[in-house]
Amino acid sequence: MTDREPVLDPALMRKHYRAEGIDETELADHPMEQFGRWFALAARDGLLYEPNAMVVSTADAEGRPSSRTVLLKQYDEQGFVFFTNYESRKARDLAANPYVSLLFPWHAMARQVIVSGTARRTGRDETAAYFRTRPHGSQLGAWTSTQSAVISSRADLDTAYAELATRYPEGEQVPVPPNWGGFRIAPQSVEFWQGRENRLHDRLRYVTREDGSWRVERLSP
Ligand SMILES: Cc1cc2nc3c(=O)[nH]c(=O)nc-3n(C[C@H](O)[C@H](O)[C@H](O)COP(=O)(O)O)c2cc1C
C-alpha cells in the first residue's frame with residue numbers, strides 16, 4: 001500500500017446542496033416541455049460535460065437488469081430518442097421486454113431526471129436522416145462494430161474499419177447499416193429531482209393518465 005495514492009473514503013465525500021427548490025406551480029403541463037426547460041439549463045454555459053448523456057437501463061426476458069450510457073439525439077412530445085446497434089445487448093433486451101428506465105445524471109446541478117417508459121424502434125427514414133448527420137468515421141464505425149459481441153482483438157476491429165474506409169472513402173455516401181437505428185422511449189412517468197439542503201430534496205413526478213394527460217405528484221425525498 002505504501003507507494004500508492006492515499007485511498008479516498010467515499011463515506012467522507014459529502015456535498016451540501018443549496019439549490020433553489022422546484023414548485024408545482026412553476027412546472028410545465030407536459031413533462032417533455034419541462035424536460036426541455038431543464039435540458040436548456042443543463043446545456044448552458046458548458047457546466048455539464050455531456051448533458052445529453054443518459055443512462056439507459058433495460059431488463060432481459062428473465063428480468064435481469066443492465067445499464068449503459070447513451071447519447072440523447074432527439075426529444076419531442078413523443079419521447080426520447082437514441083441510436084444504437086439493433087443486435088446489441090440492450091436491443092435484444094428491448095425486443096424481449098420494451099420497458100426502459102432513463103436517467104440523466106446532472107450532478108453538477110444537483111439534479112437528475114428519471115424516465116420510465118416503453119421503447120420502440122424509430123422508422124427507417126428517421127434513422128437514415130440521423131445517420132446522414134453523423135461524421136463519416138462514425139458511419140463506418142457503425143458498420144464495423146458488432147456491438148456487444150465478444151471479439152478476438154483490437155487489431156481485428158481496426159482491420160475491419162480500414163477495409164471499410166477503403167471501400168467508402170471520405171466523401172462517398174455510406175449506406176445505413178440494416179442492424180443499426182434508433183429507439184424512441186415514450187414516457188409513462190418522468191421524475192424531476194432537485195437536491196436541497198439537509199437531504200430534503202424536491203421530487204416531482206409526472207404520471208400519465210388513461211386519457212394521455214399528465215398529473216404531477218410529489219415524492220418524499
Ligand atoms: C458518454 C457515452 C455515450 C455513449 N453513447 C452511445 C450511444 O449513443 N449509442 C450506443 O449504442 N452506445 C453508446 N455508448 C456506449 C454504451 O455505453 C455501450 O457500451 C454500448 O451501447 C453497448 O451496450 P450494450 O452491450 O449494453 O448494448 C456511449 C458510452 C458513453 C460513455
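For ligands, and for the atoms within them, numbers begin at 1 and follow the listed sequence. Bear in mind the structure is a predicted one, so any value in this text is a computation, not a measurement.
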Novice: Just wondering, are more than 12 heavy atoms of other shown residues or ligands nearer than 6.0 Å to CD in E20?
Specialist: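 No, CD of E20 has 12 or fewer neighbouring heavy atoms, counting only those of other groups under 6.0 Å.
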
Novice: Distance-only, no hydrogens or angles: does the R203 side chain make a donor-acceptor pair with backbone N or O of W193 under 3.5 Å?
Specialist: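 No.
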
Novice: Give the numbers and elements of all ligand 1 atoms closer than 4.0 Å to a heavy atom of S148.
Specialist: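 So the answer, numbered in order with elements, is 24 (P), 25 (O), 27 (O).
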
Novice: When you measure from atom 8 (O) of ligand 1 to every protein heavy atom, which one gives the shortest distance, and what is it?
Specialist: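 Of the protein heavy atoms, L71 N, 3.1 Å lies nearest.
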
Novice: Could you list which atoms of ligand 1 come closer than 4.0 Å to a heavy atom of Q147?
Specialist: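 What qualifies from ligand 1 is 10 (C), 11 (O), 12 (N), 20 (C), 21 (O), 22 (C).
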
Novice: Salt-bridged, D93 to R64, with N to O below 4.0 Å?
Specialist: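 Looking at R64 together with D93, the answer is no, because their closest N to O distance does not fall below 4.0 Å.
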
Novice: Could you check whether any heavy atom of F83 sits closer than 4.0 Å to an atom of ligand 1, since that is the contact criterion I want to use?
Specialist: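 F83 counts as a contact of ligand 1 under the 4.0 Å cut-off.
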
Novice: Working note: E126 + R124, criterion salt bridge (charged side-chain N to carboxylate O under 4.0 Å, His left out); need CA distance, chi angles, decisive distance, verdict.
Specialist: CA-CA 5 Å; E126 190 176 356; R124 288 317 279 171; over 6 Å; no

Novice: How far is atom 26 (O) of ligand 1 from its nearest protein heavy atom, and which residue and atom name does that atom have?
Specialist: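 Answer, as residue, atom name and distance: R68 NE, 2.7 Å.
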
Novice: So which protein heavy atom does atom 30 (C) of ligand 1 come closest to, and at what separation?
Specialist: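 Closest protein heavy atom to atom 30 (C) of ligand 1: T69 CB, 3.8 Å.
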
Novice: Give the atom numbers and elements of ligand 1 that come within less than 4.0 Å of a heavy atom of T84.
Specialist: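 Listed by number with element, the hits are 10 (C), 11 (O).
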
Novice: List every atom of ligand 1 that sits less than 4.0 Å from any heavy atom of E50, numbering the atoms from 1 in the order shown and giving each element.
Specialist: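 Close to E50: 1 (C).
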
Novice: In terms of side-chain heavy atoms, does S66 have a donor or acceptor partner in K90 at a distance below 3.5 Å?
Specialist: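 No, because no side-chain N or O of S66 sits under 3.5 Å from a partner of the opposite role on K90.
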
Novice: For atom 6 (C) of ligand 1, what is the closest protein heavy atom, and at what distance to 0.1 Å?
Specialist: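 That would be V70 CA, 3.5 Å.
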
Novice: Pick whichever of E87, R89, K90 has a heavy atom sitting closest to atom 22 (C) of ligand 1.
Specialist: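 Heavy atom nearest to atom 22 (C) of ligand 1 belongs to K90.
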
Novice: Answer yes or no: is there an ion pair linking R92 with E87, defined by an N-O contact shorter than 4.0 Å?
Specialist: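 Salt bridge flag = no for E87 with R92.
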
Novice: Count the heavy atoms of every other residue, nucleotide or ligand shown that sit under 6.0 Å from CZ of R167, and state whether that count exceeds 12.
Specialist: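 12 or below, so no.
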
